[in-house]
Protein chains: 2
Amino acid sequence: MNSLTEENYLKALFNLSGGKGEATVNELSRQLGIKMPTVNSMMKKLAEKKLVLYQSYKPLKLTDKGRKEAAMVIRKHRLTEMFLVEKMGFGWDEVHQIAEQVEHIHAPVFFEKMDLLLGFPKVDPHGSPIPDKNGKMDWVNYRKLSDCNAGEAVILAAVTHSSDEFLKFLNSRDLGLGVKVKIKSVEIFDGSMIVSYGKRNAEALSKMVCENLLVH
Amino acid sequence: MNSLTEENYLKALFNLSGGKGEATVNELSRQLGIKMPTVNSMMKKLAEKKLVLYQSYKPLKLTDKGRKEAAMVIRKHRLTEMFLVEKMGFGWDEVHQIAEQVEHIHAPVFFEKMDLLLGFPKVDPHGSPIPDKNGKMDWVNYRKLSDCNAGEAVILAAVTHSSDEFLKFLNSRDLGLGVKVKIKSVEIFDGSMIVSYGKRNAEALSKMVCENLLVH
DNA sequence: TTATAAAGTTAGAGTATCCTAACATTAAAA
DNA sequence: TTTTAATGTTAGGATACTCTAACTTTATAA
């Protein structure tokens, strides 16, 4: 059984090593807000537990076991977020902090019940995929809004990170998942976009915002 | 902000000091399964935080502050149990272990939402009162079933402790809160009772069981 | 009332998690 | 290619929570 602390390291490593399957001590350190030497020794500890592949001065990788255990924490986090939104009436900008705590609860039936009551959802309220009980996660091929072109019409499918401020900003512009957005123009010099959707006819979105919105 | 560990000490002390308002280091030690010297030093720490009144070789008391903080943990525990039973479909024998973990979540909105969705319940699934937001708890004057006499008809209102085995035993006999029980006879030599309720006409309940059932 | 048992306390040590300071290696730049 | 900057590692120490062993105080009983 992993400690709460270990679970947080595994989760962070899982999230960081998304693409290439590896991450550095430095990245993990910044992600967790924990100093490098501390991260370093925790990596050795997790390597002893066969959760992480550790070699001096080499990037970190999760073992299959480590990846699965990380995925289960993420599964619990995302099921919780979905439950909070769908069954308890919270907004998508309120659930991250709560789920951050609930994800560490050791009670399989609790999360299986959520899963059942929710009808086995595939994504969380931010559009992120929910790993299944075996730790498998469907990665759908979303595009960044910022990679789309003027004239296209796309549907918001996910946000890449779920910080309070970003979600509140989206709320304030009536932007939520499933919203159909038409790209009216793209500014060359700063990458910002003018888009229309719902009742809004000419909303400006900065490059930063467009990079954090995933569409299909 | 109290740590999870501190919260467990406060809760245990609250529960133990029910009647006379005090408890001993030894009792707390046995309740928590933690050795006396450890309890002793934690009591000094909590005394520094003005949560406990500590004097060498004297019984322990909670301060008003300590009592309130303990009550909030118990409130979270009992609201959680109620939510798990009423809104998620768990049995009353399944919720204690889960609530034991959920009670330590720091997110007032989470528990306020439960409270709201439940319609501000006054008791948990085991009949124990839920402290209000100020830590106030209505102690209703229940009687032990074992203190009742042959011929009386009473209604089960609470169980004094919610161990898995005890609750499963009650389930197996169709005994739940709200059940109207008639006492047909009381055995003098061992304190056991013959009772009737629902479709059962002559069920024997040991003294032990009768002492753990509260009625009105 | 003194002897003994129970409860409470102190001292010292171990594990988990974190830190800073100093040193080593690798990667980047001159 | 040598220097420098960034990253990684080791060493040693701090805090929170736990323990055992030994000692003190209080309560019980002879």
Side-chain angles (χ1 to χ4, degrees), chain A residues 1-13 16-17 19-62 66 69-70 73 100-101 103-106, chain B residues 1-17 19-62 66 69-70 73 100-101 103-106:
Chain A
M1 181 88 86
N2 303 313
S3 70
L4 182 152
T5 308
E6 290 168 335
E7 287 188 348
N8 281 332
Y9 279 92
L10 289 173
K11 185 177 55 143
L13 186 47
L16 281 173
S17 57
K20 16 178 212 320
E22 47 185 59
T24 66
V25 173
N26 193 31
E27 287 165 346
L28 205 43
S29 170
R30 274 186 280 111
Q31 172 87 9
L32 290 167
I34 289 173
K35 293 291 185 291
M36 281 209 297
T38 306
V39 172
N40 189 279
S41 48
M42 181 57 88
M43 289 306 102
K44 289 180 172 179
K45 186 183 175 191
L46 293 180
E48 294 249 311
K49 295 179 75 172
K50 309 287 185 199
L51 296 165
V52 165
L53 295 168
Y54 174 87
Q55 286 179 285
S56 281
Y57 299 105
K58 295 278 170 60
L60 304 162
K61 288 182 195 177
L62 285 168
E69 297 191 9
V73 177
E100 204 70 8
Q101 298 177 68
E103 72 189 5
H104 298 295
I105 287 173
H106 293 292
Chain B
M1 180 87 84
N2 303 313
S3 70
L4 182 151
T5 307
E6 290 168 335
E7 288 188 347
N8 281 332
Y9 279 92
L10 289 173
K11 185 176 56 141
L13 187 47
F14 186 99
N15 284 144
L16 281 174
S17 57
K20 19 178 211 318
E22 48 185 57
T24 67
V25 173
N26 194 31
E27 288 165 346
L28 205 43
S29 170
R30 275 186 281 111
Q31 171 87 8
L32 290 166
I34 290 171
K35 293 292 184 291
M36 282 209 297
T38 307
V39 172
N40 189 277
S41 49
M42 180 57 88
M43 288 306 102
K44 288 180 174 178
K45 186 184 174 191
L46 293 179
E48 293 249 309
K49 295 179 77 173
K50 309 286 183 200
L51 295 165
V52 166
L53 295 169
Y54 174 86
Q55 286 179 285
S56 280
Y57 299 103
K58 294 277 169 63
L60 303 161
K61 288 181 195 176
L62 285 168
E69 297 190 11
V73 177
E100 204 71 7
Q101 298 177 68
E103 71 188 4
H104 299 293
I105 288 174
H106 293 291

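All heavy atoms count here, side chains included; hydrogens, waters and symmetry mates do not.
Residues B:Val52 and B:Leu13 meet the side-chain proximity criterion, which asks for heavy atoms closer than 4.5 Å.
Residues satisfying the salt bridge (charged side-chain N to carboxylate O under 4.0 Å, His left out) test with A:Lys35, not counting sequence neighbours, are none. The side-chain hydrogen bond (donor to acceptor under 3.5 Å, both in side chains) test applied to A:Glu7 returns A:His104, not counting sequence neighbours. Listed by chain and residue number, B:Gln55 satisfy the side chain to side chain contact (heavy atoms under 4.5 Å, CB included) test with B:Lys58 (two or more places apart in sequence, or in another chain). Remark: A:Glu69 engages A:Asn2 in a side-chain hydrogen bond (donor to acceptor under 3.5 Å, both in side chains) (not counting sequence neighbours). For A:Gln101, the side chain to side chain contact (heavy atoms under 4.5 Å, CB included) partners two or more places apart in sequence, or in a different chain, are B:Ile105, B:His106, B:Ala107. Residues passing the side chain to side chain contact (heavy atoms under 4.5 Å, CB included) test with B:Glu22 are B:Lys20, B:Pro59, B:Lys61, sequence neighbours excluded. Scored by the side-chain hydrogen bond (donor to acceptor under 3.5 Å, both in side chains) test, B:Gln31 finds no partners at all (sequence neighbours excluded).
Counting only residues at least two apart or in different chains, salt bridge (Lys or Arg N to Asp or Glu O under 4.0 Å) contacts with residues 45-57 of chain B comprise B:Glu6-B:Lys45, B:Glu6-B:Lys49.
Within a heavy-atom distance below 4.0 Å of DNA chain D, the residues of residues 33-49 of chain A found are A:Met36, A:Pro37, A:Asn40, A:Lys44. Within residues 1-12 of chain B, the residues having any heavy atom under 4.0 Å from DNA chain D are, by residue number, B:Ser3, B:Thr5, B:Tyr9.
Screening B:Ile34, B:Leu60, B:Asn15 against B:Leu28 for a side chain to side chain contact (heavy atoms under 4.5 Å, CB included) leaves a single residue, B:Leu60.
Taking 4.0 Å as the cutoff to heavy atoms of chain B, we find the contact window on DNA chain D bounded by D:dA16 to D:dT26.
The phosphate of C:dT9 has OP1 or OP2 within less than 4.0 Å of a side-chain N or O from B:Tyr54.
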